[in-house]
Engineer: 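For reference, the structure I am asking about is given below.
A, B, ... follow the sequence lines: proteins, then strands. Residue 1 opens every chain. Quick note: numbers below take in every heavy atom, side chains included, and nothing from hydrogens, waters or symmetry partners.
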Amino acid sequence: MDHKFQINLGGIIDLLSNHLYSGPEVFVRELMQNATDAITARQRLEQGHVGDIRMEIHHAKGKAPTVMMSDNGIGLTPEEVHTFLATIGLSSKRALDGESQTDYIGQFGIGILSCFVVSDAITVYSKSAKANTSAVEWKAKPDGTYTLKEIDRDLEPGTQVWLTAKPGCEEHFEPGRVKELAKHFGGLLPFPIRISHGKVNQVINEHGAPWREKYKNDRERYKSYLDFGREIFEADFLDAIPLKSKAGDVEGLAYVLPYAVTLTSKRAHRVYLKNMLLSENVENLLPDWAFFVKAAVNANDLRPTASRESFYEDAKLQTARETLGDCLRTYLMDLAEKDTRKLDRIISLHSMAIKSLATTDDEFYRLVMDWLVFETSQGEMTFGDYRKQHDVVRYVPTVDQFRQVSRVSQAHGQVVINGGYTYDAELLAKAEALLDMTTEVVDPTALSQSFDELELHEQDTVAEFLRAAETVLKPFRCEPDVKKYKPKELPALYTTNTEGRFFRSLEQSKEIANPLWSGVLDNLGKKDKPQAIFAHICFNFENPLVHRLCTVKDRAILHRSIQMLYLQSLLLGHHPLSVKEMTLLNEGLLSLIEWGIGMKES
Amino acid sequence: MLELSEQIKELLEEAEGLEHGPVQLALVERAVEIADVHNELDVSFHARVTLVEAAIFGDRPDIALIAFSWLLSKFDAEPDRFDSFELLWSYKWILGHVALFPTIPKDRIDDLFDDMKLRYKAEGSTLHAYWTLRRDNAQSMGDKAGAKKAHAKMLSTPRDHLSNCLACVQDGNVDLHVFLNDDAAAIQAAKPILNGKMSCSVVPECTYAGAVLPFLRLGNAKRAMECFASGYRLIGRQSTFLPQKAKYIVGLTLTDNLSRAVKLLDRHLPEALDSVDPSAKFEFYLAARLLLEKLAENGKKTVPIRVPKKLELGGESKPTVAVLTGWLDTELQGLASAFDARNGNKSFAKRVRDFRTMFEYAKPYPMT
């Protein structure tokens, strides 16, 4: 025989209040949501029906405070009460044929239970708008029992819900709190929410959504937008951008954040569904790149997931997201034409976001590239300024290489850009395809090729020195050369490229690896074209010390000096020393000290 | 000048705020170099732990292997100085990627797995993660029997603190069933992920792509293209996820969305050329080859893509179908023979030879 699960309602309520709902205050949301859905359903029956939601707060001396919420929606018949109010997990709002799933907000059939979190008794009076039904009174207790009777009071169609505060929950029934919550959740509803307490009557959603209001002029509109942003987000934004998408029926505002955010920070947009607050933390509504804005929007035709933190990833959402992205893009393009000062401010604040977007969006790239600031060997300048003076985009891919190269190129009258900062190399590389400029990655190893060669007689002078350098540097797979370049204070320039750096780090790991891993690294280093040399050192013949070294005959001194110049050039270029090089440095320093002492003693 | 540790911390923090890829990797590499230059062992260690992760997810497994080897040596020299958990955790990433390099011989890969096993046992692991990795490795090496055996072992081993996350294991199940040609089981395994019930940093990104082919082979072109629509959005912008992009090109080709397939080829071919991962290259080139076959069949003479500088085809601004096909065939054969020689089977050559059989599942489903 089949048995049914026994359900302990108290346990379920405890579960709901502690886990599913974010806090006890959600009872206001759930009641408003039911009321709104009921009004929507009635409007389907009676065209032009005007919705109305009322809340009454009663604080009688010596009695627990009560709250009543009523709506003039479709109401419930006695049968519907049994089926929907008293069956957990079955919502009256499941889509019927011909209705789309998004016609109603509530879909999970547990809304009314949230009232038990703050109230030990729920009383509902309801009268269905359907013909020939009588009004009902439903009283439910948290032990899972309820009574239902038909009453012959002459009620208008609609529903009233009465709650009485549980001991300890009185704060949620305070008039100020109830108003605040009603406004928080239902502030954008297109019909009035009237709250009365004693003699005070108030409509809490007079203004509704600022994007639905009519304004005298653009200034007034703009001010209202920013005021709304300040009110809901408590921040002074740089700007408000109107958003609208037919897909998903989305409308609202995107506020430009007055502070920088990182790419991976959580996007938290405030989203209303059918004008009821859905969540303050929706993530997937705008394109990923739109992290410089915080949005407040209403969506009438998108499906939320049960967590309320995102929408279902369907085609409709994708189209909506693209359309909303276009709104932001158009805004930036407009700024570029009309208000470059504001654009500059946004760019400097959100440069990371903007650079990231520009690397993947060609149209946007063309728009903003000229405003972006880069470090060059002549100081910081915008790309637009650089472009006015140069046809070739010459850049160095890493910061350390830039430091090596910029000094030399500067002395040779060539401007190079530092592509080592985040996104800069990617952006500069795109200038070729998108701005029709020649781009040139300055390969530090190639740089020395442009230096002046020695005269024939000078070549004779350095022959001995060069041979010695070859011998000394061979174990380090570094190829020496002597040329003439500026600045003459620089005795040697060590250069390597990406591949060279890769092999340096490979060797560095291999020096300390066990046999198994040493083998793996060997396998990994196997390339199509094995490289014997992965770095160059170019000694500067203009440098007095190098000049003198070329005449030194003592092999020991010559070798040691070359080694030390090699190590110095490595350190200048911020290259980590390998174990072998570190040993060399120690030995070198010691022998220099010994020579020093020896010279003194002799 | 900032304090050294501050400077490194800042670099690593900036890197943390970026998505995986070359930009993030460059920042972490710089942090490692600075730490090394100043000979700060603990800082170097910490920075390299970050480097392994950035390199693995930034599609530079070669850099990850080099950094990991360094970490392992330093750890073995002073086991009490460093935390073993992070190291053992990243060992999984490493072994998940060794098979991608055909220059690493089979025996050595086995030795690495033995080494991992010893270290995991010493840490009190159930070896659940070991068997997961063994299974994935067997797949990468075209070894069906090995994959089945390791999968069974994994299922009978309890999870522990070193296990891959549930979403990753589940995503691996999808790939395994596709590999074993059991499409219904693959889709069954993909369901909880596609329904949004499981996720992590690389799931559902991988799963959407993984489900395209099984959906197609089951005749469900609509679902296959839905996976493309949802999944490609998540990865299209990034320079990583090359094998997944290859799967989308296959899916678009087989559903006759050719202009979109060509767009993906145009957009991601430079990434394939730049990739250091021969296995990812293979997948991408094979997908491109399928697309070109279809273009040729439709009588197309040229491929409307920009030719990356690196691809030296000579002359024409738009490559002809014939020239690009020839280039791909050479690359594919080279890669396949390298992999097959290492793996000791013919699975890669077979895929190159038989790629046309995929047209059996072709079913036009135009995307709007």
Engineer: Could you report the tightest heavy-atom contact between A:Gly420 and B:Arg30, atom names first, then the distance?
Structural biologist: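 That closest heavy-atom pairing would be O-NH1, 4.1 Å.
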Engineer: Output a table of donor-acceptor pairs, distance under 3.5 Å, between side-chain atoms of residues 45-55 of chain B and any protein atom two or more places apart or on a different chain; print 'none' if there are none.
Structural biologist:
| from | atom 1 | to | atom 2 | distance (Å) |
| --- | --- | --- | --- | --- |
| B:Arg48 | NH1 | B:Asp36 | OD1 | 3.3 |
| B:Arg48 | NH2 | B:Asp36 | OD2 | 2.7 |
| B:Thr50 | OG1 | B:His46 | O | 3.1 |

Engineer: Which answer fits B:Glu14, side chain, backbone, both or neither, if we ask what part of it has an atom under 4.5 Å from a heavy atom of chain A?
Structural biologist: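 For B:Glu14, the contact with chain A is made by the side chain alone.
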Engineer: Counting neighbours of CG on A:Asp436 that are heavy atoms of other residues, nucleotides or ligands and sit closer than 6.0 Å, is the number greater than 12?
Structural biologist: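 At most 12 heavy atoms, drawn from other residues, nucleotides or ligands, come within 6.0 Å of this atom.
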Engineer: My understanding is that only one of B:Val276, B:Thr103, B:Ile66, B:Ile63 makes a side chain to side chain contact (heavy atoms under 4.5 Å, CB included) with A:Leu524; could you say which?
Structural biologist: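 Only one option passes, and that is B:Ile66.
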Engineer: Is B:Arg108 close to chain A through its backbone or its side chain, or both, or neither, when contacts mean heavy atoms under 4.5 Å?
Structural biologist: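 Both backbone and side chain.
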Engineer: Do A:Pro576 and B:His38 touch side chain to side chain, with heavy atoms closer than 4.5 Å?
Structural biologist: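 No, their side chains stay 4.5 Å or more apart.
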Engineer: Report which part of B:Ile94 has an atom under 4.5 Å of a heavy atom belonging to chain A: side chain, backbone, both, or neither.
Structural biologist: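 Only the side chain of B:Ile94 comes within 4.5 Å of chain A.
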Engineer: With a 4.5 Å cut-off on heavy-atom pairs, point out which of A:Ser509, A:Ser505, A:Pro397, A:Ala433 contacts chain B the most.
Structural biologist: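 Top count of heavy-atom pairs under 4.5 Å with chain B: A:Ser509.
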Engineer: Heavy-atom cut-off 4.5 Å, strictly under: side chain, backbone, both or neither for B:Leu72 against chain A?
Structural biologist: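 Contact with chain A is through the side chain of B:Leu72 alone.
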Engineer: Among the options B:Leu71, B:Asp115, B:Leu65, B:Val98, pick out the one with the most heavy-atom pairs lying under 4.5 Å from chain A.
Structural biologist: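 With the most close heavy-atom pairs to chain A, the winner is B:Leu65.
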Engineer: Of the backbone (N, CA, C, O) and the side chain (C-beta and beyond), which part of A:Glu432 lies under 4.5 Å from a heavy atom of chain B, both, or neither?
Structural biologist: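 Interface part for A:Glu432: side chain.
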Engineer: Given the options B:Ile109, B:Val37, B:Val32, which has more heavy-atom pairs under 4.5 Å with chain A than any of the others?
Structural biologist: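 Among the listed options, the one with the most contacts to chain A is B:Val37.
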Engineer: Counting only heavy atoms closer than 4.5 Å, note whether B:Ala229 contacts chain A via side chain, backbone, both or neither.
Structural biologist: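 Contact with chain A is through both the backbone and side chain of B:Ala229.
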Engineer: Could you pull out every donor-acceptor pair under 3.5 Å between side chains of residues 510-519 of chain A and any protein atom, sequence neighbours left out?
Structural biologist:
| from | atom 1 | to | atom 2 | distance (Å) |
| --- | --- | --- | --- | --- |
| A:Lys510 | NZ | A:Asp522 | OD1 | 2.9 |
| A:Glu511 | OE1 | A:Val579 | N | 3.0 |
| A:Glu511 | OE2 | A:Lys580 | N | 3.3 |
| A:Asn514 | OD1 | A:Leu516 | N | 3.3 |
| A:Asn514 | OD1 | A:Trp517 | N | 2.9 |

Engineer: Can you tell which part of A:Thr422 gets under 4.5 Å to a heavy atom of chain B, answering side chain, backbone, both or neither?
Structural biologist: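 Looking at A:Thr422, backbone and side chain both touch chain B.
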Engineer: Which bit of B:Ile104 is near chain A, if near means a heavy-atom gap under 4.5 Å: side chain, backbone, both or neither?
Structural biologist: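 Contact with chain A involves both backbone and side-chain atoms of B:Ile104.
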Engineer: Run the salt-bridge test on A:Arg501 and B:Glu33 with the 4.0 Å N-O cut-off and return the result as yes or no.
Structural biologist: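 Salt bridge: yes.
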Engineer: Can you tell which part of B:Pro105 gets under 4.5 Å to a heavy atom of chain A, answering side chain, backbone, both or neither?
Structural biologist: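 It is both, since atoms from each part get that close.
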Engineer: Find the one option among B:Leu27, B:Asn39, B:Ile34, B:Leu112 whose heavy-atom pairs under 4.5 Å with chain A are most numerous.
Structural biologist: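 So the answer, after comparing B:Leu27, B:Asn39, B:Ile34, B:Leu112, is B:Leu112.
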Engineer: Among A:Val399, A:Leu571, A:Thr398, A:Leu577, single out the residue with the greatest number of heavy-atom pairs under 4.5 Å to chain B.
Structural biologist: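 Top option by heavy-atom pairs under 4.5 Å: A:Val399.
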